[in-house]
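Chain identifiers are assigned alphabetically (A, B, ...) following the order of the sequence lines, protein sequences preceding nucleic acid strands; residue numbering begins at 1 within each chain.
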2 protein chains.
Amino acid sequence: MAEKIKNESEITESKKFMPNLSYDSVIFGFNGKQLKILILEYHNTGFFALPGGFVRRNESLDDAVKRGVRHRTGLDRIYLEQFHTFGDIERSDSEAMMRILEENGMDLKTNQWMLDRFLTVAYYALINYDEVTPRPDKLSDSISWYSIDELPALMMDHKKIVEKALQVLRENLEKKLIGMNLLPPKFTMKQLQQVYEAILGENLRRTTFQRRILSMDILERHDKLFQGKAHKAPYLYSFKSEKII
Amino acid sequence: MAEKIKNESEITESKKFMPNLSYDSVIFGFNGKQLKILILEYHNTGFFALPGGFVRRNESLDDAVKRGVRHRTGLDRIYLEQFHTFGDIERSDSEAMMRILEENGMDLKTNQWMLDRFLTVAYYALINYDEVTPRPDKLSDSISWYSIDELPALMMDHKKIVEKALQVLRENLEKKLIGMNLLPPKFTMKQLQQVYEAILGENLRRTTFQRRILSMDILERHDKLFQGKAHKAPYLYSFKSEKII
DNA sequence: TATTATTGTCACTAAATGAGACAATAAAAA
DNA sequence: TTTTTATTGTCTCATTTAGTGACAATAATA
């Protein structure tokens, strides 16, 4: 049996995007102490979720994610890494989606396509915490930083996505010079160590860490940073420019 | 403008699968000397490609890939690892797809959905070369093993997919006990070393390799293997069962 | 001027890895 | 039966890397 003819607006709306496919982003920031991620809350629902979006028919997957993350953070150059695609059947939750549409006064017919099953491609982003004032979009009440060990309950499989992001981030820590994307251009050795400790979730030895990083020959040393504290002032470092990706 | 009403068979056919999404599999095997992958050739086209397929609406992404790889190899338990999702716009090639449909006498109308843009989720599989006699499916002339440094020209972005698979396989070599999936249950230390060498594309020192592997405490030693050669017989090993994933 | 907290660096130890040496041994050749 | 051959298992020593503590240098404070 042929299905009934769809109404025009649904066709128009759903044709803008690749169907049944979304992306979700785990946006990491570092506030000097803790590793944090951006979580948004949908209007009037109590639903917390990762910032995500859809892929337009005339843009690449990577570009779609760049566009979305740029839009939410205001940052132009963002370190992004795709880490997994989630495709379980049960991951989609049409009832929750319906709630969100209703609470935002969106037409169910027009947006029917959003209630279907979705696969999602997950990316993590590393950004300089201080440069960002995240702004909520139309659908969400708030978008704000949460420490990774104090996350609210997340909708659908977003908790699983965050866990996988963290796992891959840890695995990539050594081989991808990740620190540079979470810190300001100049930083002290202690700050870099704190980034590593926050990501790994464990304490590192100061002398060993310093020796290992310096032996990698990726840092440039600058003037000392006088913090106005009663002790020796640390050097500032930056990543050697030729090492930057 | 509303689009024209689709004919019934197209709707039925395309509704079986998630639209605009495929998977591709890089199936690795080891013949004792070289690392090889399975490549298929479509009827009468000269197009070489990775084995791939589509995701049914009522099955998970992982299950779809398992189903496809099982069908092509006849193996039931397969080590599979998702490694990347490819989503460039230019990666889709509707003309090539049309050629394939035509040469296989498939109706263009019914299979119109296949000519659209596709994103593909890529997996690699590790299988025991000796256990498999790959069989071509309806669409393909042949499916056979190619050494990774003697691949034919592949269609679309499949070369890029293979390269990425190899890169991730190398990165995972240490942390995921990959050898076990490419070897028979019992093997010599030399065989294991040859797997490592084939994957890494470099020679390793015998003594260092042996010491490192043994110190990992993942192998069980069995009787010697008498090969009928004029030298000391090597021990056979297997992976300790509690270490198997 | 002494005190305080933190930093950069060194020294010593322990562990891991590189590189070669060599005896043991299964089968073939003499 | 003895010798030869190729490969294996293991040992030793040198080199590199990492763990651990010690300590002097130094900005600001008391």
Side-chain angles (χ1 to χ4, degrees), chain A residues 30 32-33 170-171 173-179 183-240, chain B residues 30 32-33 170-171 173-179 183-240:
Chain A
F30 180 68
K33 295 265 184 185
R170 284 175 181 153
E171 290 169 2
L173 183 55
E174 299 310 320
K175 59 175 184 239
K176 297 209 175 175
L177 248 52
I178 274 165
L183 288 172
K186 290 187 180 183
F187 49 86
T188 65
M189 190 59 73
K190 179 162 200 168
Q191 284 178 290
L192 185 58
Q193 184 177 340
Q194 283 170 328
V195 170
Y196 271 66
E197 290 177 333
I199 291 174
L200 295 174
E202 61 180 305
N203 293 330
L204 302 174
R205 297 212 135 236
R206 186 178 60 94
T207 48
T208 311
F209 179 79
Q210 179 145 340
R211 178 174 51 191
R212 210 185 73 211
I213 297 288
L214 287 178
S215 76
M216 290 167 69
D217 191 39
I218 53 172
L219 296 186
E220 217 160 345
R221 181 183 276 188
H222 303 280
D223 290 342
K224 292 185 175 185
L225 169 67
F226 296 89
Q227 296 162 303
K229 298 282 177 59
H231 55 77
K232 195 170 174 177
Y235 287 108
L236 284 171
Y237 294 90
S238 65
F239 288 94
K240 282 187 179 173
Chain B
F30 181 70
K33 296 267 183 182
R170 283 175 181 152
E171 289 169 3
L173 183 56
E174 298 311 319
K175 60 177 184 239
K176 297 207 176 177
L177 245 53
I178 275 166
L183 287 173
K186 291 189 180 181
F187 48 86
T188 65
M189 190 60 73
K190 179 162 199 169
Q191 285 179 289
L192 185 59
Q193 183 177 340
Q194 283 171 327
V195 170
Y196 271 67
E197 290 178 333
I199 291 174
L200 294 174
E202 60 180 305
N203 293 331
L204 303 174
R205 293 213 137 236
R206 187 177 62 92
T207 51
T208 311
F209 178 79
Q210 179 145 340
R211 179 173 52 192
R212 211 185 75 214
I213 296 289
L214 288 178
S215 77
M216 291 167 69
D217 192 38
I218 52 172
L219 295 187
E220 216 160 342
R221 180 184 278 191
H222 303 282
D223 290 341
K224 293 185 174 184
L225 170 67
F226 296 88
Q227 296 163 303
K229 298 282 177 61
H231 56 76
K232 197 169 173 177
Y235 287 107
L236 282 172
Y237 294 90
S238 66
F239 288 96
K240 283 187 179 173

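- At a threshold of 4.5 Å between non-hydrogen side-chain atoms, the residues R205(B) and R212(B) do not count as touching.
- In this structure the side chain of Q227(A) reaches within 4.5 angstrom of the side chain of P234(A), judged on heavy atoms.
- Looking only at side-chain heavy atoms (C-beta outward), K240(B) and D217(B) come within less than 4.5 Å of each other.
- Under the ring-ring contact (aromatic ring centres under 6.0 Å, His included) criterion, F187(B) pairs with F239(B), sequence neighbours left out.
- With Y237(B) as the partner, the side-chain contact (heavy atoms from CB on, under 4.5 Å) test is satisfied by one option alone out of L214(B), L183(B), L192(B): L214(B).
- Atoms NZ and NZ, on K232(B) and K224(B) in that order, are 6.0 Å from each other to the nearest 0.5 Å.
- Y235(B) contributes atom OH, which lies 14.5 Å from atom CD of E220(B) (distance to the nearest 0.5 angstrom).
- We find the CD-CD distance between Q193(A) and E197(A) to be 4.5 Å, quoted to the nearest 0.5 Å.
- Taking NE2 of H222(A) as the reference point, atom CG of L219(A) lies at 9.0 Å (rounded to 0.5 Å).
- Boundaries of the chain B contact region on DNA chain D are dT5(D) to dT12(D), first to last in 5' to 3' order (nucleotide atom under 4.0 Å from a heavy atom).
- Contact check of residues 185-204 of chain A against DNA chain D (heavy atom, cut-off under 4.0 Å) returns no residues at all.
- Distance check, rounded to the nearest 0.5 Å: CZ of R170(B) to CD1 of I199(B) gives 9.0 Å.
- Residue side chain R206(A) reaches the base of dG8(C) through a donor-acceptor N/O pair under 3.5 Å, judged by distance alone.
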Quick one: which protein N/O atoms are closer than 3.5 Å to N/O atoms of nucleotides 26-29 of chain C? Pair and distance per line, please.
from, atom 1, to, atom 2, distance (Å)
dA26(C), OP1, K224(B), NZ, 3.2
dA26(C), O4', H231(B), O, 3.0
dA26(C), N3, A230(B), O, 3.4
dA26(C), N3, H231(B), N, 2.7
dA27(C), O4', K229(B), O, 3.0
dA27(C), O3', G228(B), O, 3.4

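- Side chains of F30(A) and Q191(A) form no contact here, defined as non-hydrogen atoms less than 4.5 Å apart.
- The two residues P185(B) and S238(B) come nearest to each other via the heavy atoms O-CB, 3.3 Å.
- An end-to-end axis angle of 20° holds for the helix from dT1(C)-dA30(D) to dA30(C)-dT1(D), taken from five base pairs per end and rounded to 10°.
- A pairwise comparison of heavy atoms in I213(B) and I218(B) identifies O-CG1, 4.3 Å as the closest pair.
- Counting non-hydrogen atoms of neighbouring residues, nucleotides and ligands closer than 6.0 angstrom, the NZ atom of K33(B) reaches no more than 12 such neighbours.
- In this structure, E174(B) and Y196(B) have side chains that are in contact, with non-hydrogen atoms separated by less than 4.5 Å.
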Could you go through nucleotides 18-20 of chain C and list every protein N or O atom that sits under 3.5 Å from one of its N or O atoms, giving the distance for each pair?
from, atom 1, to, atom 2, distance (Å)
dG18(C), N7, R211(B), NH2, 2.8
dG18(C), O6, R211(B), NH1, 3.3
dA19(C), OP2, R205(B), NE, 3.4
dG20(C), OP2, R205(B), NH2, 2.8

